[in-house]
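Each remark here refers to the structure printed beneath this line.
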There are 2 protein chains.
Amino acid sequence: MRLLPHPATEDIELTEVLRALSEPVRLEIAVRLDAAGEMTCTVAGDDLGVHKSTASHHYRTLRESGVVLTKQEGRLKYMSLRRDDLEARFPGLLDTVLSAARRVPVPAHAGR
Amino acid sequence: MRLLPHPATEDIELTEVLRALSEPVRLEIAVRLDAAGEMTCTVAGDDLGVHKSTASHHYRTLRESGVVLTKQEGRLKYMSLRRDDLEARFPGLLDTVLSAARRVPVPAHAGR
DNA sequence: CTCATAGTTGGATCGTTGTCAAACAATCGG
DNA sequence: CCGATTGTTTGACAACGATCCAACTATGAG
């Protein structure tokens with residue numbers, strides 16, 4: 001089991017987190033991770049309406065911004081929200097954003 | 001006293017709000033409006049380290065995303081946070097973002 | 001080893017965005 | 001009316017970002 005490179009909790013930048021979550025596809029991924037917990041990239045990115053390489057770029061953005069943690073197990077990569085880290089750094093932020101996203105669902109096929 | 005065009009409360013989009021606040025200059029403007037209440041563009045944009053036309057574009061982005069309300073009085077334009085509208089649409093969102101921004105101050109001269 | 005699966009990387013494209021400079025517009029004071 | 005103040009608009013430019021496609025890597029299954 002390997003862990004991919006992630007920013008330390010204290011290095012997570014607010015503007016980076018907001019930017020990451022301001023993209024409909026990425027916000028939808030975060031919503032799915034919130035609902036279902038840890039999941040593989042394939043599952044998280046299913047029916048998003050974008051090419052798998054595009055989705056991969058979004059996984060990277062989410063990881064590098066500090067929103068998700070990615071670990072590799074075998075040939076699968078599991079993503080999960082960095083709840084505790086985000087809560088420690090920006091209390092309440094993740095929850096309010098996800099609550100807001102649930103109120104106004106982001107369509108899976110946002111047709112960008 | 002004139003009001004500039006703004007999106008209706010129910011038309012405010014989460015991703016647009018997050019995108020607006022993900023830009024350091026705009027986030028700083030929001031923080032200032034939070035601290036000092038209604039203020040003119042000149043005051044809000046003082047010492048931001050960007051040209052006044054750049055600041056003007058940011059005012060527009062903040063307005064069009066639904067984050068601020070702008071009204072013209074004489075030759076001045078006053079901006080204020082749309083607290084109630086944002087609270088109604090995305091409860092807690094503005095406060096948590098501003099709290100987070102206060103924890104990790106956005107430098108006025110972010111040197112972009 | 002071979003093959004399929006899972007996901008990344010690189011290139012290309014195309015639209016968006018942040019920036020400055022300069023011109024413009026609108027308003028108020030004298 | 002004139003000039004100063006306040007802010008917007010337009011144009012140019014560079015950087016960024018989202019996207020797809022194709023090629024690639026890495027791993028586990030058979």
Side-chain angles (χ1 to χ4, degrees), chain A residues 1-6 13 15-16 18-29 38-65 68-80 106-112, chain B residues 1-6 13 15-29 33 38-65 68-80 106-112:
Chain A
M1 201 273 283
R2 271 184 307 158
L3 218 65
L4 275 65
H6 295 78
E13 295 256 17
T15 52
E16 292 302 300
L18 296 177
R19 195 180 59 81
L21 296 176
S22 71
E23 215 285 330
V25 172
R26 288 193 294 260
L27 182 57
E28 170 63 21
I29 293 172
E38 192 176 70
M39 52 204 305
T40 68
C41 291
T42 301
V43 174
D46 184 51
D47 272 326
L48 281 179
V50 294
H51 195 275
K52 66 171 181 171
S53 65
T54 302
S56 180
H57 283 301
H58 287 314
Y59 305 151
R60 179 186 181 128
T61 299
L62 286 168
R63 176 166 46 82
E64 291 182 346
S65 66
V68 309
L69 183 135
T70 309
K71 58 180 173 180
Q72 182 157 9
E73 235 162 301
R75 64 181 147 176
L76 300 181
K77 284 185 180 170
Y78 289 89
M79 287 190 300
S80 56
V106 180
H109 290 275
R112 311 179 52 78
Chain B
M1 201 274 284
R2 271 182 310 157
L3 219 65
L4 275 65
H6 296 78
E13 295 255 17
T15 53
E16 292 301 300
V17 171
L18 295 177
R19 194 181 60 80
L21 296 176
S22 73
E23 215 286 329
V25 172
R26 289 193 293 259
L27 182 57
E28 170 63 21
I29 293 172
L33 291 173
E38 192 175 71
M39 52 205 304
T40 67
C41 291
T42 301
V43 174
D46 185 51
D47 271 327
L48 281 180
V50 295
H51 195 276
K52 65 172 182 171
S53 64
T54 302
S56 181
H57 281 301
H58 287 314
Y59 306 150
R60 180 186 180 128
T61 300
L62 287 168
R63 175 166 47 81
E64 291 181 345
S65 66
V68 308
L69 183 137
T70 309
K71 57 180 174 180
Q72 181 156 7
E73 235 161 301
R75 64 181 148 177
L76 301 181
K77 284 185 181 171
Y78 289 90
M79 288 189 299
S80 56
V106 180
H109 290 275
R112 310 180 51 79

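Heavy-atom basis, side chains included; hydrogens, waters and symmetry copies ignored. The chains referred to below are lettered A, B, ... by the order of the sequence lines, with proteins before strands, and numbering in each begins at 1.
- One can place CD of B/Glu28 at 17 Å from C1' of C/dG18, the figure rounded to the nearest angstrom.
- Spacing between atom CD of A/Glu23 and atom P of D/dC16 amounts to 18 Å, rounded to whole angstrom units.
- Checking the phosphate oxygens (OP1, OP2) of D/dT27, a side-chain nitrogen or oxygen of A/Arg2 falls inside 4.0 Å.
- The side chain of A/His58 approaches D/dT19 more closely than any other nucleotide in the set C/dG18, D/dT27, D/dT19.
- Between A/Ser53 and A/Leu76, it is A/Leu76 whose nearest contact on DNA chain C lies nearer the 5' terminus.
- The phosphate of C/dG29 has neither OP1 nor OP2 within less than 4.0 Å of any side-chain N or O from B/Arg75.
- One distance of note links CZ of A/Arg2 with CD of A/Gln72; it measures 4.0 Å at 0.5 Å rounding.
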task: Show the numbers, then the answer: is there a side chain to side chain contact (heavy atoms under 4.5 Å, CB included) between A/Arg63 and A/His6?
output: CA-CA 6 Å; A/Arg63 176 166 46 82; A/His6 295 78; 3.4 Å; yes
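- Looking at heavy-atom distances under 4.0 Å, A/Lys52 makes contact with a base.
- Atom NE2 of A/His51 is separated from atom P of D/dG17 by 21 Å (rounded to the nearest Å).
- The side chain of A/His57 lies closest to D/dT19 when the candidates are D/dT19, D/dA18, C/dC20.
- Using a distance-only test at 3.5 Å, with no hydrogens or angles considered, no donor-acceptor pair links the side chain of B/Arg19 to the main chain of A/Ser22.
- Residue A/Leu4 contributes atom CG, which lies 13 Å from atom C1' of C/dA6 at whole-angstrom precision.
- Candidate nucleotides C/dT27, C/dT19, C/dT8 were compared by shortest atom distance to the side chain of B/Val50, and C/dT19 ranks first.
- Remark: B/Glu16 CD to B/Leu21 CG distance equals 11.0 Å, nearest 0.5 Å.
- Rounded to whole Å, atom P of C/dT19 lies 16 Å from atom CZ of B/Arg60.
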- request: Report the C-alpha distance between B/Met79 and B/Ile29 in whole Å, list the side-chain angles of each, state the deciding distance to 0.1 Å, and finish with yes or no for side chain to side chain contact (heavy atoms under 4.5 Å, CB included).
  value: CA-CA 10 Å; B/Met79 288 189 299; B/Ile29 293 172; 4.2 Å; yes
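- Taking atom CD of A/Glu73 as the reference point, atom C1' of D/dT27 lies 13 Å away to the nearest angstrom.
- For the pair A/Arg19 and B/Thr70, both in contact range of DNA chain D, the more 5′-proximal nearest nucleotide belongs to B/Thr70.
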task: Could you go through the side chain to side chain contact (heavy atoms under 4.5 Å, CB included) check for A/Leu4 and A/Lys77 one step at a time?
output: CA-CA 10 Å; A/Leu4 275 65; A/Lys77 284 185 180 170; 4.1 Å; yes
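- In this structure, the CG atom of B/Asp46 is 11 Å from the P atom of D/dT6, given to the nearest Å.
- Taking CG of A/Leu62 as the reference point, atom NE2 of A/His57 lies at 13.0 Å (rounded to 0.5 Å).
- Counting non-hydrogen atoms of neighbouring residues, nucleotides and ligands closer than 6.0 angstrom, the CD atom of A/Glu13 reaches no more than 12 such neighbours.
- Checking the phosphate oxygens (OP1, OP2) of C/dT19, no side-chain nitrogen or oxygen of B/Thr54 falls inside 4.0 Å.
- Here A/Lys77 does not reach the OP1 or OP2 of D/dT27: none of its side-chain N or O atoms lies under 4.0 Å away.
- Contact annotation for B/Thr61: no contact, since no heavy-atom pair falls under 4.0 Å across all strands.
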task: Go ahead and write out DNA chain C as dot-bracket, 5' to 3': ( ) for pairs within the strand, [ ] for ones crossing earlier pairs, | when the partner sits on another strand, dots for unpaired; Watson-Crick or G-U wobble, both distances under 3.5 Å.
output: ||||||||||||||||||||||||||||||
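- In this structure, A/Met79 places its CE atom 14 Å from P of C/dA6, rounding to the nearest Å.
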